[in-house]
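Residue numbers start at 1 and run along the sequence shown.
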Amino acid sequence: MRFAFHTPLKPLDHPVPSGDRAMARALAALLERLGHRVDPLDRHADHRPGVGAPDALPALRDAGRHRAEDLVTRWHALAPDDPARPTAWFTYHLWYKRPDWIGPAVARALAIPYIVAEASYAPKRAGGPWDLGHRAVADAVRAADLVLTLNPDDAPCLLPLLASPDRMVSLPPFLDAAPFRAAAAGRERHRAALRAAFGWPAGVPVLIAVAMMRPPDKLQSYRVLAEALSALGDRDWRLLVVGDGEARAEVERAFAAMSGRVAFAGVRTAESLPALYAAADIHVWPAVNEAYGIGFLEAQAAGLPVVAGHTRGVPAVVGAGESGILAPLGDAPAFARAVAALLDDPAARARLAAGAAARIARLHDLDAAGRALAAALAALPAASP
């Protein structure tokens with residue numbers, strides 16, 4: 001199949017690291033791995049302004065309609081077998097602030113399947129300031145031939161929009177685990193290098209948090225984490241924070257009392273992350289309002305046990321008692337108890353670490369995702385000539 005690949009929220013090449021972009025790129029790469037052609041329609045980070053305010057929605061709608069007309073005109077002029085003409089449309093991440101006003105119209109005009117992944121629909125938005133975008137998401141989901149849900153928390157609100165429940169297929173979040181497994185194989189070397197880089201004792205347990213620093217939810221997660229770690233008493237530990245952003249000053253203030261134990265590594269390349277995870281002992285992230293958390297997948301792929309906040313799609317990614325511990329959302333004392341339990345019990349850390357690597361291989365690696373996506377695409381109606 002030849003996919004027109006649309007990302008309404010951010011283009012694939014957006015320079016700011018985020019789980020949203022990581023999963024969008026992973027989906028595009030997985031489609032190509034399965035033998036399909038992917039043509040990203042949104043190529044440049046500066047091709048449109050940010051989310052903006054509700055009053056920006058009418059202009060976004062009108063721009064989307066004009067772009068749909070242009071695409072239909074261009075592609076109708078091509079022969080059906082022309083490699084530049086798509087045979088399916090794929091939209092990643094539908095949201096009431098950034099709905100898809102292009103794909104449904106193009107797919108209908110070209111008589112090709114319309115596919116959406118990670119659609120978010122909340123009935124509570126109806127009638128509010130974002131109602132126009134809310135209704136546009138509903139229209140797009142109703143038009144979809146296939147709805148891929150990466151976060152099971154989204155499914156209950158999406159299902160009533162579908163003509164048939166068969167149009168919804170669960171696709172667990174996934175990643176290419178190979179670089180993380182390779183890093184885990186050199187764990188002792190990475191551990192030694194990290195501790196030497198920051199002057200930390202060789203045997204000290206290292207916690208790691210990987211997340212951008214922006215309000216409100218990421219900042220609140222950092223604050224919960226700081227409060228939790230401050231309650232660990234005289235236990236010996238160090239924290240490596242990987243990430244940066246507009247709220248860095250607030251994050252640093254939250255950890256100021258623990259400055260000798262906390263190192264800020266800034267933004268690191270995707271290629272350097274596996275070694276950093278492998279050098280640590282426990283991945284810690286309170287996950288305030290987290291959809292599911294790419295960092296949880298990365299940490300587990302590197303063989304790290306996880307302490308996470310119990311919210312939204314996180315329980316579908318982190319297996320409680322299998323690969324980590326889930327603490328009540330926003331509960332810093334409970335989060336502290338979970339971290340303390342793993343610091344105090346190296347055998348439990350080792351058991352959960354093994355479970356983490358096994359869980360990724362079973363449910364969240366490329367092979368598992370490829371099988372699920374291939375089966376879903378095979379059931380689609382063929383494009384009309």
Enquirer: Determine whether Asn289 and Thr311 make a side-chain contact, defined as any pair of heavy atoms from C-beta on separated by less than 4.5 Å.
Expert: no
Enquirer: Assess whether a salt bridge exists between Arg135 and Asp131, defined as any Lys/Arg side-chain N lying under 4.0 Å from an Asp/Glu carboxylate O.
Expert: yes
Enquirer: Kindly work out whether a path of hydrophobic side-chain contacts (I/L/V/M/F/W/Y, heavy atoms less than 4.5 Å apart) joins Ile208 to Val267.
Expert: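 Looking at the clustering, Val267 is in a separate group from Ile208.
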Enquirer: Is there a donor-acceptor pair closer than 3.5 Å between any side-chain N or O of Glu227 and the backbone N or O of Arg223?
Expert: no
Enquirer: Answer yes when Arg74 and Asp82 have at least one side-chain N-carboxylate O distance shorter than 4.0 Å, and no when they do not.
Expert: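 Judged by the 4.0 Å cut-off on N to carboxylate O distance, Arg74 and Asp82 do not form a salt bridge.
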Enquirer: Please tell me if the side chains of Phe296 and His364 come closer than 4.5 Å, counting only heavy atoms from C-beta onward.
Expert: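 Not in contact.
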Enquirer: Can any side-chain N or O of His36 pair as donor or acceptor with the backbone N or O of Met1 at less than 3.5 Å?
Expert: yes
Enquirer: Hey, does the side chain of Arg268 reach the backbone of Leu273 with a donor-acceptor pair shorter than 3.5 angstrom?
Expert: no
Enquirer: Considering non-hydrogen atoms only, spot the tightest contact between His283 and Val210 and give its length.
Expert: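 Nearest heavy atoms, His283 then Val210: CE1-N, 4.0 Å.
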Enquirer: Is there a donor-acceptor contact under 3.5 Å from the side chain of Trp95 to the main chain of Val137?
Expert: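 Absent.
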Enquirer: According to salt bridge (charged side-chain N to carboxylate O under 4.0 Å, His left out), who are the partners of Glu322, at least two apart in sequence or on a separate chain?
Expert: Arg359, Arg362
Enquirer: Strictly below 4.0 Å, N to O, side chains only: are Arg21 and Asp42 in salt-bridge contact?
Expert: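 Judged by the 4.0 Å cut-off on N to carboxylate O distance, Arg21 and Asp42 do not form a salt bridge.
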Enquirer: If I compare all heavy atoms of Ala143 with all of Pro104, which pair ends up nearest, and what's the gap?
Expert: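 So the two residues come closest at CB-CB, 4.3 Å.
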Enquirer: Would you confirm whether His310, through its side chain, and Pro328, through its main-chain N or O, come within 3.5 Å as a donor-acceptor pair?
Expert: no
Enquirer: Kindly indicate whether the side chain of Asp367, heavy atoms from C-beta on, has any atom under 4.5 Å from the side chain of Arg33.
Expert: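 The answer is yes; the side chains approach within 4.5 Å.
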Enquirer: Please test Tyr222 against Trp285 for ring pair (Phe, Tyr, Trp, His ring centres under 6.0 Å), starting from the C-alpha separation and ending with a verdict.
Expert: CA-CA 8 Å; Tyr222 276 115; Trp285 188 241; 4.8 Å; yes
Enquirer: Charged N to carboxylate O under 4.0 angstrom, Asp70 versus Arg67?
Expert: no
Enquirer: Should the pair Arg337-Asp344 be classified as a salt bridge under the 4.0 Å nitrogen-to-oxygen rule?
Expert: no
Enquirer: Check whether any side-chain heavy atom of Val307 sits under 4.5 Å from a side-chain heavy atom of Leu207, and report yes or no.
Expert: no
Enquirer: Measure the spacing between CG of Leu194 and CZ of Arg238 and express it to the nearest 0.5 Å.
Expert: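 One finds 11.5 Å between CG of Leu194 and CZ of Arg238.
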Enquirer: For Tyr277, run the side-chain hydrogen bond (donor to acceptor under 3.5 Å, both in side chains) check against His190, Arg187, Glu298, Gln300 and tell me which one passes.
Expert: Glu298
Enquirer: Hydrophobic cluster membership, with links at side-chain heavy-atom distances under 4.5 Å among I/L/V/M/F/W/Y: are Met23 and Leu363 in one?
Expert: no
Enquirer: Are any side-chain N or O atoms of Ser323 and backbone N or O atoms of Gly355, one a donor and one an acceptor, separated by less than 3.5 Å?
Expert: no
Enquirer: Any side-chain heavy atom of Phe255 sitting closer than 4.5 Å to one from Leu239?
Expert: yes
Enquirer: Nearest 0.5 Å please: distance from the CG atom of Leu30 over to the CG atom of Leu171.
Expert: 7.5 Å
Enquirer: Got a donor-acceptor contact below 3.5 angstrom from the Ser221 side chain to the Val288 backbone?
Expert: yes
Enquirer: Taking the basic N atoms (NZ, or NE/NH1/NH2) and the acidic carboxylate oxygens, is any pair closer than 4.0 Å for Arg181 and Asp365?
Expert: yes
Enquirer: Looking at every heavy atom in both Leu94 and Pro99, which two are closest together, and how far apart are they?
Expert: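 Closest pair (atom of Leu94, atom of Pro99, distance): CD2-C, 4.1 Å.
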Enquirer: Can you tell if the side chain of Val284 reaches within under 4.5 Å of the side chain of Phe335, non-hydrogen atoms only?
Expert: yes
Enquirer: Under 4.5 Å between any side-chain heavy atoms of Pro123 and Cys157, yes or no?
Expert: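 Answer yes - side chains close enough.
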Enquirer: What I'd like to find out is whether the side chain of Leu175 reaches to under 4.5 Å of the side chain of Ile360, using heavy atoms alone.
Expert: yes
Enquirer: Checking side chain to side chain contact (heavy atoms under 4.5 Å, CB included) against Leu342, which of Val306, Ile282, Asp281 comes through?
Expert: Ile282
Enquirer: Below 4.0 angstrom, N of the basic side chain to O of the carboxylate: do Arg98 and Asp100 qualify?
Expert: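 Between Asp100 and Arg98 there is no salt bridge, as every charged N stays at least 4.0 Å from the carboxylate O atoms.
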